[in-house]
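Structure, as structure tokens:
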There are 2 protein chains.
Amino acid sequence: MYLRSLLDMAETRGAITVSSDELARLAGVNAAKVRKDLSYLGSYGTRGVGYDIEYLLYQITRELGLTQDWPTALIGIGNLGRALASYKGFSERGFRIAALFDVDDDVIGQQVGGLTVRHLDELKESVNEDGLSIGIIATPPSAAQEAAEKLVDAGVKSILNFAPSVVNVSPDVNIRKVDLSIELQILSFYEQRTQAIAAAREANRRLEIKHRPPR
Amino acid sequence: MYLRSLLDMAETRGAITVSSDELARLAGVNAAKVRKDLSYLGSYGTRGVGYDIEYLLYQITRELGLTQDWPTALIGIGNLGRALASYKGFSERGFRIAALFDVDDDVIGQQVGGLTVRHLDELKESVNEDGLSIGIIATPPSAAQEAAEKLVDAGVKSILNFAPSVVNVSPDVNIRKVDLSIELQILSFYEQRTQAIAAAREANRRLEIKHRPPR
DNA sequence: ACGAGCTTGTGACTGAAATCACAAACTCAA
DNA sequence: TTGAGTTTGTGATTTCAGTCACAAGCTCGT
């Protein structure tokens, strides 16, 4: 989050430094938290001045491992897969989609974003050839477990799963999931609750009018 | 998460009940936490038996507001927008993409997933006509703020932002963001760290060999 | 050189979330 | 009916993240 705020800031304003207060406002958190978080990187701030934006950007980028190039395999070239393949946000952060895989013969061989879709069975050789280190799963839920296993078998230790299903892998593999609909469900929960509260208040108001004697 | 695990379970296995232990394993959390979480819904479990899967599914669905239909506006019909428009996971959970908006004349008028893309300026009328209650932003980062403001102006109180930029709205509006590349950055961080540790261990080993006298 | 005005870095504190641990409540077999 | 074996629901405890508060350290004007 800080990284994103700092990048925004570096682009737009010509400022050299930023205070924890300012960064906090941009990132939507407490200023003390900003300082504590940044202190884990070392003492890169100057009292009375703030943090040097460029230096801080470099340190965060380095710590997150974003100075390296991470060749990434994308499995499942459906609607979501295609969108991810051409998603600017990945390449901007050093995540280069380097190989595409699917199991559907109609899709295999197609050109997507300058890459040819290959069969999932060729994953292992491709990992060796291209040095793939991260795998993204964008398959239907039912195919996610198999995709994960093939990735692990090929030696990939970091997996990002966009399929809305539970995937089990050995504990030394780092798997994270993004469920696109979970955030919508959270919004729905709050909407539902505010509506329910409004309805209850309304019902209550009617009752009071009915039963309370006029003053 | 519980909802998803339970749906999986209801589909595959023919079990009637589930224990907190089992659900915890599926959802990847502590069993006591499962019980405490579920207890907020009321006491729907039976000691010595567990929870009735169907009943629990209904209660969670109801509490999350997923028994209702939530007509949703989607702004920004680029790669990601198109993928989201046809994403099965949304409709399965009751989120119906009911209207599409963009500002690009080349895109406006196109048919995407059975809907015609309209100009963002028509948002307000569409909110009134179709009863849109949730807005999804899938624009480029620079256009996200404007899209959010138009949504708020039209009366939408729940917004999901896929654009990787900070968006400010009044506090009575519920805005959540999904940053597709943040999860990759987290994976990168761990990869970077394990590689750094491995490198340090290797360097250390070499030093020891060099300096330690042979036994 | 010095004091006013900032801003960082961090120990102390607070509050919330996660976990533990166990009584209570159920099933089932004998 | 009883007792062994489960499993829930929840008070007590632990852990951890977030916040507060302030000394330390910097700049700049005078």
Side-chain angles (χ1 to χ4, degrees), chain A residues 1-6 9-10 13-60 62-64 166 171 176-177 182-183 185-186 189-190 193, chain B residues 1-3 5-6 9-10 13-60 62-64 166 171 176-177 179 182-183 185-186 189-190 193:
Chain A
M1 282 159 34
Y2 300 143
L3 178 61
R4 205 165 69 189
S5 302
L6 288 167
M9 202 178 295
R13 303 186 299 115
I16 304 288
T17 62
V18 60
S19 70
S20 58
D21 226 18
E22 198 175 0
L23 189 49
R25 225 174 319 112
L26 281 173
V29 297
N30 183 286
K33 181 160 159 49
V34 171
R35 293 199 295 276
K36 194 150 261 183
D37 284 345
L38 296 183
S39 78
Y40 286 115
L41 303 175
S43 290
Y44 293 143
T46 310
R47 295 169 184 216
V49 180
Y51 299 88
D52 184 288
I53 295 179
E54 285 300 326
Y55 191 52
L56 198 54
L57 267 175
Y58 169 70
Q59 290 298 341
I60 293 179
R62 192 183 52 81
E63 185 73 13
L64 288 179
V166 180
R176 302 189 64 85
K177 63 168 192 273
I182 270 192
E183 296 292 326
Q185 295 181 32
I186 295 172
F189 168 69
Y190 288 116
R193 212 169 54 162
Chain B
M1 282 163 33
Y2 299 145
L3 178 61
S5 302
L6 287 167
M9 202 179 293
R13 302 184 301 115
I16 303 288
T17 63
V18 61
S19 69
S20 59
D21 227 17
E22 199 175 0
L23 189 50
R25 224 175 318 112
L26 282 172
V29 296
N30 183 286
K33 179 160 159 49
V34 172
R35 293 199 294 278
K36 195 148 260 186
D37 284 346
L38 296 185
S39 78
Y40 287 115
L41 302 175
S43 288
Y44 294 143
T46 309
R47 295 170 184 217
V49 179
Y51 299 87
D52 183 289
I53 295 178
E54 284 301 326
Y55 190 54
L56 198 55
L57 268 175
Y58 169 69
Q59 290 298 342
I60 293 179
R62 191 183 54 78
E63 185 72 16
L64 288 179
V166 180
R176 301 190 63 86
K177 66 167 192 274
D179 188 329
I182 272 193
E183 295 292 326
Q185 294 181 32
I186 296 172
F189 168 68
Y190 287 116
R193 211 169 54 163

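Model, not experiment: these values are computed from the prediction.
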What donor-acceptor contacts under 3.5 angstrom involve side-chain atoms of residues 47-54 of chain B, with partners at least two apart or in another chain?
{"from": "B:Asp52", "atom 1": "OD1", "to": "B:Glu54", "atom 2": "N", "distance (Å)": "3.2"}
{"from": "B:Asp52", "atom 1": "OD1", "to": "B:Tyr55", "atom 2": "N", "distance (Å)": "3.0"}

Check your understanding: For A:Arg176, which residues count as a side chain to side chain contact (heavy atoms under 4.5 Å, CB included) partner, sequence neighbours excluded?
Key -> A:Leu160, A:Asn174, B:Glu183, B:Ile186, B:Leu187
Check your understanding: Who passes side chain to side chain contact (heavy atoms under 4.5 Å, CB included) against B:Ser5, sequence neighbours left out?
Key ->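 B:Ser5: side chain to side chain contact (heavy atoms under 4.5 Å, CB included) contacts with A:Val166, B:Leu23, B:Leu26, B:Ala27.
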Out of curiosity, [X] [atom1] to [Y] [atom2], how far, rounded to the nearest 0.5 Å?
X        : Y      : atom1 : atom2 : value
B:Asp179 : A:Met1 : CG    : CE    : 10.5 Å
A:Ile60  : A:Leu3 : CD1   : CG    : 6.0 Å
B:Leu56  : B:Met9 : CG    : CE    : 9.5 Å

Exercise for review: Shoot me the first and last contacting nucleotide of DNA chain D against chain A, ordered 5' to 3', at under 4.0 angstrom to non-hydrogen atoms.
Suggested key: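 Contact span on the strand: D:dG18 to D:dT27.
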Exercise for review: Scan residues 28-41 of chain B against DNA chain C and write down, sorted by residue number, each residue with any heavy atom closer than 4.0 Å; if none is found, say none.
Suggested key: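 DNA chain C contact set from residues 28-41 of chain B: B:Asn30, B:Ala32, B:Lys33, B:Arg35, B:Lys36.
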Check your understanding: For DNA chain C, what residues of residues 17-27 of chain B have any heavy atom nearer than 4.0 Å?
Key -> none
Revision key, fill the gap. Those residues at least two apart in sequence (or on a different chain) that pass side chain to side chain donor-acceptor pair (under 3.5 Å) with B:Arg62 are B:Gln59
Review point. Partners of B:Glu22 by side chain to side chain donor-acceptor pair (under 3.5 Å), sequence neighbours excluded?
Key: B:Arg13
Check your understanding: Any side-chain heavy atom of B:Arg193 sitting closer than 4.5 Å to one from B:Phe189?
Key -> yes
Exercise for review: Would you give a per-nucleotide map of nucleotides 23-30 of chain C, 5' to 3', where B means the base has a protein non-hydrogen atom under 4.0 Å away, S means only the sugar-phosphate does, and - means neither?
Suggested key: -BBBS---
Review point. Around A:Ile16, counting heavy atoms of other residues, nucleotides and ligands shown, do more than 12 lie under 6.0 Å from its CD1?
Key: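 Atom CD1 in A:Ile16 is not packed in, count stays at 12 or less.
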Check your understanding: Do any pairs count as a ring-ring contact (aromatic ring centres under 6.0 Å, His included) and have a residue in residues 15-39 of chain B, sequence neighbours left out, and if so which ones?
Key ->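 Passing the test, one end in residues 15-39 of chain B: no pairs.
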Indicate every side-chain donor-acceptor pair of residues 29-37 of chain A with a distance under 3.5 Å to a residue at least two apart or in another chain.
{"from": "A:Asn30", "atom 1": "OD1", "to": "A:Ala32", "atom 2": "N", "distance (Å)": "2.6"}
{"from": "A:Lys33", "atom 1": "NZ", "to": "A:Asp37", "atom 2": "OD2", "distance (Å)": "3.2"}
{"from": "A:Arg35", "atom 1": "NH1", "to": "A:Ser20", "atom 2": "OG", "distance (Å)": "3.0"}
{"from": "A:Asp37", "atom 1": "OD2", "to": "A:Tyr2", "atom 2": "OH", "distance (Å)": "2.7"}

